[in-house]
Amino acid sequence: MRVFAAGLATETNSFCPIPTVAADFRDNLFEGFVGKQGPVDTWQSMATARGIEFHRAPNLWAMPAGPVIQADYERLRDALVARVREEGPFEIILLNLHGAMLATGCDDCEGDLLRHMRTAAPAAVIAVELDLHANVTESMVAQADLIIAYKEWPHDDQAERATELFELALRTAEGTLNPEMALAVVGALLFIPTKEEPGRKIVEHLRAAERIPGVLSTSLCHGFGWSDTPGLGTKVITIAAGDATLAKDTAGQIADVVFTKRDRFRIGVDAVPPAAALDMVLQSDAKTILCEFGDIVTGGAPGDATHLLQEMVERRVSGACYAPLWDQVAAGLCAAAGPGERLALRLGGKTSRLSGDPMDVEADIVEVKHDYSHRLSPRFGFRAGTVAHIRIAEVDVLVSSERFPLLYPGIFADFGIDLNAKRIIAIKALQMARIHFAPVTDKFVMVSTPAAAGDRFDLLPYRRFGRDVWPFEQQLEATP
Ligand SMILES: [Zn+2]
C-alpha cells in the first residue's frame with residue numbers, strides 16, 4: 001500500500017484587497033494550530049504505525065486574504081499533481097484542503113484541483129479533509145471518493161476527523177468498502193459555534209446520524225460568507241457504505257433539521273455597533289472583552305480596520321486596551337523613533353473603504369519588539385513582525401507590521417499591559433479567542449462593524465454569489 005498526502009489551502013475573502021500569492025503558502029502553517037496533531041501529522045503517524053509507505057508532499061496553507069492570483073494557484077496545483085504523477089501510482093491520496101479557496105480566475109479551486117488530481121490518478125482513493133467553513137460544490141463531491149469536514153468550531157477535532165478519513169480510505173483501497181457520498185444544500189448561510197448551545201445539539205445530531213446502520217460519516221459545512229462564489233452556503237456531506245440512497249436521504253434529513261433551526265444561527269445575531277457596545281460597557285463596572293470580529297485575519301480581513309478603535313479614542317475611554325492593528329508603516333515609524341517618543345501617526349484604515357478611515361493621532365511609544373511571535377504553545381506561533389505598544393489618549397494599542405490572528409491574552413503581558421488593570425479589552429477576534437480569553441472575564445460583547453469579514457452582508461459587493469440562500473433572499477425581498 002502506497003499513500004500520498006499533501007495540503008493546499010486558504011480561506012479566501014473576496015472583499016480583501018490583499019492578493020494571495022504563491023509565497024504566502026507555507027508548509028504546515030496551521031498544522032497543529034489548536035495544540036493537537038493536525039491532519040497530515042495524524043496521517044503520517046497512522047501510516048508509520050501500520051508500516052504503510054507514506055509520501056508527504058508540502059502541506060501548504062496561506063493566511064486568509066484576497067483571491068489567489070490565478071497563475072500562482074495553477075503553479076501550486078500543477079506542482080502538486082506532477083508530484084503524484086512522478087512518485088505514483090498511489091492507492092490512496094489524502095488531501096488537507098479548506099473548501100473556500102478562490103483564485104482570480106477560479107470560483108472553486110478545490111473542485112478544480114480534485115479534477116486534475118482525478119485525471120492524474122484515476123484509480124486512487126482520493127480522500128479529503130475539509131474545514132467546516134468550506135463552500136462545498138458538486139464538483140468536489142464528484143471527484144473525491146471520501147470527504148470529511150471538521151465538526152467543531154473552534155476546529156479542535158482535526159485529528160479525530162483525519163483518523164476517520166484514513167480508516168475509511170484504507171478500507172476502500174483494500175476493497176472492503178464501497179463508499180457512496182451525497183451532498184445536500186441547506187439553503188442558508190449559518191454560523192454555528194459548536195462549544196455552546198444550541199450549536200452543541202447540531203453536532204450531537206450529526207453523531208446520532210452516524211449511528212444509523214450503514215452511515216459512515218456526516219459533515220456539516222457551515223460555508224464561508226465572504227467567498228464570493230456561486231457555491232456559497234451551508235451544506236451537508238454524508239458517506240454511506242455501498243448505499244447511495246441512504247447517503248442521500250441522510251444528508252437531506254440533516255439539511256432539513258438544520259434549516260428549521262436557522263434563526264438561531266444567524267451571524268451577528270447578538271452583535272452591536274461600536275457606539276452601542278461602548279455604551280453598554282461604560283454603564284457597568286464589569287471587565288468586558290469587545291470582539292471586533294469583522295476584521296479578523298483568520299476570516300481573510302486585512303486587520304487594519306479602525307471602526308472600533310476610532311470610537312474608543314474619540315470617547316477617551318479609560319482603562320482600555322486594543323489589539324492588534326496591522327499597519328506596516330506605522331509600526332516601522334514607531335520602531336524608528338523608539339520608546340519614550342511621541343509621534344503624529346496616520347493609523348490603519350488603508351486597504352479599502354471596508355477598513356474605515358485612517359486615524360490621525362498623537363501616539364506615545366511605550367515599547368517596540370522586533371520579530372515578535374504570537375505563541376499559542378512552545379511549538380506553535382504566528383509571526384507578527386515588528387510590534388509597537390503605543391498609547392493614544394488613554395488606550396493602549398498594539399500595532400504590528402505583519403498580519404496575524406490574535407488568539408491568546410498573553411500578548412498583552414508581553415508588552416507590559418496588565419489585563420487586571422483594564423476594564424475594556426478590545427480584540428480583533430472570534431471563536432478561538434473567546435475560549436482563550438474566557439479566564440480573563442466571562443463578559444464578551446460582539447461588535448458589529450462594516451468590515452471585510454463583518455456581518456453587514458448588505459454592504460458587501462457580491463458579483464458571483466446570487467444571494468439565493470437565507471438570509472440573503474429575505475434581504476432581497478425587503479429591498480424595493
Ligand atoms: Zn474554519
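Bear in mind that the values here come from a model prediction, so they are computed numbers and not experimental data. The first residue in the sequence is number 1, and the count goes up from there.
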| Does any non-hydrogen side-chain atom of T12 lie less than 4.5 Å from one of T20? | no

Those residues at least two apart in sequence (or on a different chain) that pass side-chain hydrogen bond (donor to acceptor under 3.5 Å, both in side chains) with T441 are none

- prompt: Do the charged groups of R118 and D145 touch, with an N to O distance under 4.0 Å?
  reply: yes

Rounded to the nearest 0.5 Å, the CD atom of Q143 sits from the CG atom of D112 at a distance of 9.5 Å

Across all chains, not counting sequence neighbours, the side chain to side chain contact (heavy atoms under 4.5 Å, CB included) partners of P19 are I69

Using a cut-off of 6.0 Å, state whether more than 12 heavy atoms not belonging to D263 lie near its atom CG.
yes

Tightest non-hydrogen contact, residues G381 and R375, listed as N-NH2, 3.6 Å

Separation between CG (L354) and CZ (R456), nearest 0.5 Å, reads 11.0 Å

When you measure from the side chain of E11 to the backbone of A100, do you find a donor-acceptor pair of N or O atoms at a distance under 3.5 Å?
no

Distance col, row F444:CZ vs L430:CG, nearest 0.5 angstrom, shows 11.0 Å

- Query: How about E473 and R467: do any of their side-chain heavy atoms sit closer than 4.5 Å?
  - Reply: no

Would you tell me whether E160 and Y150 have side-chain atoms, one donor and one acceptor, within less than 3.5 Å of each other?
no

Sorted by chain and residue number, the side chain to side chain contact (heavy atoms under 4.5 Å, CB included) partners of T229 (sequence neighbours excluded) come out as L102, D107, N135, S227, L232

How about H205 and I254: do any of their side-chain heavy atoms sit closer than 4.5 Å?
yes

Practice prompt. Walk me through it: do D228 and R464 pass the test side-chain contact (heavy atoms from CB on, under 4.5 Å)?
Written response: CA-CA 6 Å; D228 184 9; R464 305 286 296 145; 3.6 Å; yes

### Query
Would you say S400's side chain and E402's backbone share a donor-acceptor pair under 3.5 angstrom?
yes

Subject >> Exercise: do N96 and N59 side chains pair donor with acceptor under 3.5 Å >> reply: yes

Is T306 reaching over with its side chain to a backbone N or O of D357, donor-acceptor style, under 3.5 angstrom? yes

- Item | Within 6.0 angstrom of R262 CZ, more than 12 heavy atoms from elsewhere | yes

For P450 and L459 the tightest heavy-atom approach is CB-CD1, 3.4 Å

**Request:** Taking atom CZ of F415 as the centre, report whether more than 12 heavy atoms of other residues, nucleotides or ligands fall under 6.0 Å from it.
**Result:** yes

Measuring only between side-chain heavy atoms, which start at C-beta, is L183 closer than 4.5 Å to V236?
no

Checklist entry - Is there side-chain contact between M181 and I147, with heavy atoms separated by less than 4.5 Å? => result yes

Verify whether the ring centers belonging to F404 and Y372 lie closer than 6.0 Å.
no

Taking the six-membered ring for Trp, are F382 and F30 ring centroids under 6.0 Å apart?
yes

The salt bridge (Lys or Arg N to Asp or Glu O under 4.0 Å) partners of D455 (sequence neighbours excluded) come to none

Scanning both residues in full, the closest heavy-atom pair of L190 with T234 reads N-OG1, 2.9 Å

Closest non-hydrogen atoms of V136 and C221, given as atom of the first, atom of the second and distance, are CG2-SG, 3.5 Å

So salt bridge (Lys or Arg N to Asp or Glu O under 4.0 Å) across residues 147-159, not counting sequence neighbours, yields K151-E210, E152-K195, E152-R200, E152-R207, D156-K195, D157-R161

query: So do the side chains of D360 and P358 get within less than 4.5 Å of each other, counting heavy atoms only?
result: no

- Do the side chain of H389 and the main chain of V368 share a donor and acceptor less than 3.5 angstrom apart? no

- Query: Does K287 NZ have over 12 foreign heavy atoms under 6.0 Å away?
  - Reply: yes

With L290 as partner, the option from V272, I425, V281 fulfilling side chain to side chain contact (heavy atoms under 4.5 Å, CB included) is V281

Applying salt bridge (Lys or Arg N to Asp or Glu O under 4.0 Å) to D304 and not counting sequence neighbours gives none

In short, V387 meets A384 closest at the heavy-atom pair CG2-CB, 3.7 Å

Salt-bridge contact K422-D396 (side-chain N to carboxylate O under 4.0 Å):
yes

Answer yes or no: is there a side-chain heavy-atom contact under 4.5 Å between L419 and C321? yes

Residues A305 and D295: closest non-hydrogen pair is N-OD2, 2.7 Å

Side chain to side chain contact (heavy atoms under 4.5 Å, CB included) filter on Q70, not counting sequence neighbours, yields Y73, E74, A103, T104, C106

task: Establish, from distance only, whether the side-chain atoms of T386 and H370 form a donor-acceptor pair under 3.5 Å.
output: yes

* Asked: So, E110 and T137: side-chain donor and acceptor under 3.5 Å apart, yes or no?
  -> no

task: Fit a plane to each ring of F437 and F412, take the angle between them on a 0 to 90° scale, and name the class: parallel (under 30°), tilted (30 to 60°) or perpendicular (over 60°).
output: perpendicular

Q: Let me see the working for Y462 and F15 under ring-ring contact (aromatic ring centres under 6.0 Å, His included), right down to the final yes or no.
A: CA-CA 9 Å; Y462 291 99; F15 310 108; 5.1 Å; yes

Output for pair (T218 OG1, L206 CG), nearest 0.5 Å, gives 4.0 Å

I'd like to know if the side chain of R403 reaches the main chain of A301, judged simply by a donor and an acceptor atom lying under 3.5 Å from each other, with no hydrogens or angles considered. yes

Contacts satisfying side-chain hydrogen bond (donor to acceptor under 3.5 Å, both in side chains) that involve residues 324-334 (not counting sequence neighbours) are D327-K350

Output for pair (L113 CG, L76 CG), nearest 0.5 Å, gives 10.0 Å

Sorted by chain and residue number, the side-chain hydrogen bond (donor to acceptor under 3.5 Å, both in side chains) partners of R56 (sequence neighbours excluded) come out as N28, D41, Q44

Residues at least two apart in sequence or cross-chain that pass side-chain hydrogen bond (donor to acceptor under 3.5 Å, both in side chains) with R85, listed by chain then number, are none

**Prompt:** Are F224 and W226 close enough that their ring centres sit under 6.0 Å apart?
**Reply:** yes

Sorted by chain and residue number, the salt bridge (Lys or Arg N to Asp or Glu O under 4.0 Å) partners of R26 (sequence neighbours excluded) come out as none

- Are the side chain of D78 and the backbone N or O of R75 linked by a donor-acceptor pair below 3.5 Å? no

Between F90 and F4 (judged by ring centroids, cut-off 6.0 Å), do the two rings come close enough to count as a pair?
yes

| Minimum side-chain heavy-atom gap H133-H155 below 4.5 Å | yes

Interatomic distance, CG@L130 vs CD1@I148, rounded to 0.5 Å, equals 10.0 Å

Salt bridge (Lys or Arg N to Asp or Glu O under 4.0 Å) filter on E87, not counting sequence neighbours, yields R83

